[in-house]
Number of protein chains: 2
Amino acid sequence: MLEYVLLGLLMKQNLTGYQMKRFMMVSTSNFFNASFGSIYPALARLEKKGMIISTAEVEHGKYSKVYTIQEAGKASFMKWLQEPANVSDTSHNHLIKLFFYDYLDSQTKQLHYEVYIRQAMAAKQKLIDTIDLAKKTAGPDRMQTLTYGIAYHTNIIDFYTRLLADNHQV
Amino acid sequence: MLEYVLLGLLMKQNLTGYQMKRFMMVSTSNFFNASFGSIYPALARLEKKGMIISTAEVEHGKYSKVYTIQEAGKASFMKWLQEPANVSDTSHNHLIKLFFYDYLDSQTKQLHYEVYIRQAMAAKQKLIDTIDLAKKTAGPDRMQTLTYGIAYHTNIIDFYTRLLADNHQV
DNA sequence: TAGCGCATGTAATATGTTACATGATTTC
DNA sequence: GAAATCATGTAACATATTACATGCGCTA
C-alpha cells in the first residue's frame, strides 16, 4: 500500500522522503499515515525495482535525496489504481472491544461511549476546518475523501449516542 | 490485538486454536479475522507468558490442544478492555485510491463506484441475514457490532451512490 | 480410494512501529 | 546557546499473510 502511495505522490512532482511524509500529514493522515521507519526502506525498495530514481542534492549545506518517478513506476501505479479496492476489509478497532463489552460494567461502557463521541466530534470538526484550505489546492476527488471522513464520523457519533441513551435507560 | 481477542474468547470457555478460528469466522469476521499462521504462534506466546495453559487431548484418535485462561490472562484481558479504543485510526483502504482518482478516467471511476456499492450491499445483506441467528446466541453488546456494520455499509452505499450520480452529470 | 474436515505447526516473506544515531540549519 | 525543524537512515521488535508439511477420521 505505502509503495503505491509514494508513487502516487511522485506522479505530480519530485519529492524527498521527508517532503512525502509532510505531504501525507496534511492530506492523507485522516485515512493513511506512515512513519519514517517505513518510508525510507520503501523508497529504497522502489529504487531497487527501478520504479523511481534518486538524485542527491545539497542546498544550504543540507543533504537530501530527491526522487523522480520512472515509466515503470507510473505504469505500476496506474495498474494498482485501476484495480478496485475492498470497502469491507477495514479493521474497525473499536468494534473488537464492543464485541466483548458484555464483560464490562455499565459505568466504564458509558465512559467509552462518551470518549468515542468526543473523538469522532473532534475528528469531524478538524475535517470541516480543513475543507476551505483544501479547496484551494486539492482536486474534486481529493475533496471527496474529506466528505467521506465527515460522513464516517457522523455515523459514529450517531451510533454511540444511541448506545449511550440505551445505557442510560437500563 | 489478536492476543486479546483470543483471551476474550477463552473468557467464556476452553477452546482449541482451530475452534477459535471457526468461532471468529462466524462472529467477528466482518470486522476482525486472523489466519492459522498468526493464531498458533499467538497462542504459543500467550502460554509462554503464563496467560493461558494448554492440555493435550486425544479424542477419536485426533490430537488437539485445549487452552484454558489463567488469572493473569483474565487480568490482562480486562485491563485491555477497560482502555477505550480510537475510532479514527481505521485505515479505509478505498479512500487511498479515491485520493488519487484524479488520475483515473471517468469510465473506470464509475466502474469502481458500482463495485463498491455492490460490495457494500452484499456485506449489508449478509449482516441482516445474520441477525436472527445471532439473537439466539449473542448478548446485546455483541449484537451492536452487527448494527454498526449495517450502518457503516449503508453509509458507504449512500456515499458512492452520490459520487456515481455526480459522475453521470459530468 | 479420493477428498474433505479436523487439527497443529513452520518457513518465507512482507510490512509496520518505535527508538536510536547522526548532523546540519534555523528560530527564539 | 538551546530548541525546533530539516533530513536520512538503521536496529530491535512485533505482527501479519500465504504456502507448505503432516496426519487422522469420516464420507461418498
Side-chain angles (χ1 to χ4, degrees), chain A residues 1-7 9-10 14-26 28-29 31-49 51-68 76 80 86 89-93 96, chain B residues 1-7 9-10 14-26 28-29 31-49 51-68 76 80 86 89-93 96:
Chain A
M1 191 93 302
L2 172 60
E3 292 189 13
Y4 292 110
V5 172
L6 297 175
L7 288 177
L9 295 178
L10 291 172
N14 299 341
L15 296 163
T16 68
Y18 195 87
Q19 287 172 326
M20 294 185 221
K21 164 82 178 159
R22 221 175 21 183
F23 196 88
M24 280 187 234
M25 209 92 122
V26 297
T28 70
S29 61
F31 54 91
F32 184 84
N33 224 338
S35 60
F36 285 122
S38 55
I39 291 170
Y40 287 119
L43 288 171
R45 282 198 303 274
L46 283 168
E47 187 163 29
K48 204 176 157 190
K49 283 187 250 177
M51 302 289 183
I52 57 177
I53 50 166
S54 65
T55 319
E57 277 190 16
V58 180
E59 204 163 337
H60 307 295
K62 264 180 281 180
Y63 161 80
S64 69
K65 268 168 94 171
V66 180
Y67 287 95
T68 308
S76 169
W80 167 80
N86 187 313
D89 78 348
T90 329
S91 55
H92 305 291
N93 239 289
I96 302 172
Chain B
M1 188 92 306
L2 172 60
E3 293 190 12
Y4 293 110
V5 172
L6 297 175
L7 288 176
L9 295 178
L10 290 173
N14 300 340
L15 295 164
T16 67
Y18 196 86
Q19 287 173 326
M20 292 184 222
K21 165 80 177 158
R22 219 175 22 183
F23 196 90
M24 279 187 235
M25 209 95 122
V26 297
T28 70
S29 60
F31 53 89
F32 184 84
N33 225 339
S35 61
F36 285 121
S38 57
I39 291 171
Y40 287 119
L43 288 171
R45 282 198 303 274
L46 284 169
E47 186 162 28
K48 203 176 158 191
K49 284 188 249 176
M51 302 289 184
I52 57 177
I53 50 165
S54 64
T55 318
E57 276 190 17
V58 181
E59 205 164 336
H60 306 295
K62 263 179 283 182
Y63 162 82
S64 70
K65 267 167 95 172
V66 180
Y67 287 94
T68 308
S76 170
W80 167 79
N86 188 311
D89 77 351
T90 328
S91 54
H92 305 290
N93 237 288
I96 302 171

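Throughout, protein chains are lettered first and strands after them, A, B, ... in sequence-line order, and every chain is numbered starting at 1.
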Write down the protein N/O and nucleotide N/O pairs, taken from nucleotides 8-10 of chain D, whose separation is under 3.5 Å; answer none if there are no such pairs.
from	atom 1	to	atom 2	distance (Å)
D:dT8	OP1	A:K65	N	3.0
D:dT8	OP1	A:K65	O	3.4
D:dT8	OP2	A:Y18	N	2.8
D:dT8	OP2	A:Y40	OH	2.7
D:dT8	O5'	A:Y40	OH	3.3
D:dG9	OP1	A:K65	NZ	2.9

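Judged by distance alone, with hydrogens and angles left aside, the side-chain atoms of B:E57 form no donor-acceptor pair with the main-chain N or O of B:V66 at under 3.5 Å.
Summarising the geometry, the separation between CG on B:N14 and P on C:dA7 is reported as 15 Å, rounded to the nearest angstrom. Atom-to-atom, NZ of B:K48 to C1' of D:dA14 comes out at 13 Å; the value is rounded to the nearest Å. Between the CG atom of A:N93 and the P atom of C:dT17 there is a distance of 14 Å, rounded to whole Å. We find that CG of B:L46 is positioned 13 Å from P of D:dA14, with the value rounded to whole Å. Across the protein-nucleic acid pair, A:M24 atom CE and C:dG16 atom P stand 10 Å apart, rounded to whole Å. To the nearest angstrom, C1' of C:dT25 lies 17 Å from CD of A:E57. Between the P atom of C:dT15 and the CD1 atom of A:I39 lies a distance of 15 Å, rounded to the nearest Å. C:dC4 atom P lies 18 Å from atom CZ of B:R22, rounded to whole Å.
Distances from the side chain of A:R45 to the nucleotides D:dT15, C:dT18, C:dG16 place C:dG16 closest.
Side-chain N/O atoms of A:S35 include none lying less than 4.0 angstrom from OP1 or OP2 on C:dG16.
Between B:Y67 and B:I52, the shortest heavy-atom distance links the atoms CD2-CD1, 3.4 Å. Residue B:A34 comes nearest to B:S38 through the heavy atom pair CB-OG, 3.7 Å, listed as atom of the first residue, atom of the second, then distance. The two residues B:K21 and B:S35 have their closest heavy-atom pair at NZ-CA, 4.2 Å. The minimum heavy-atom distance linking A:L43 with A:G17 is given by the pair CD1-CA, 3.7 Å.
Taking a 6.0 Å sphere around CE of B:M1, one finds it holds more than 12 heavy atoms contributed by other residues, nucleotides or ligands.
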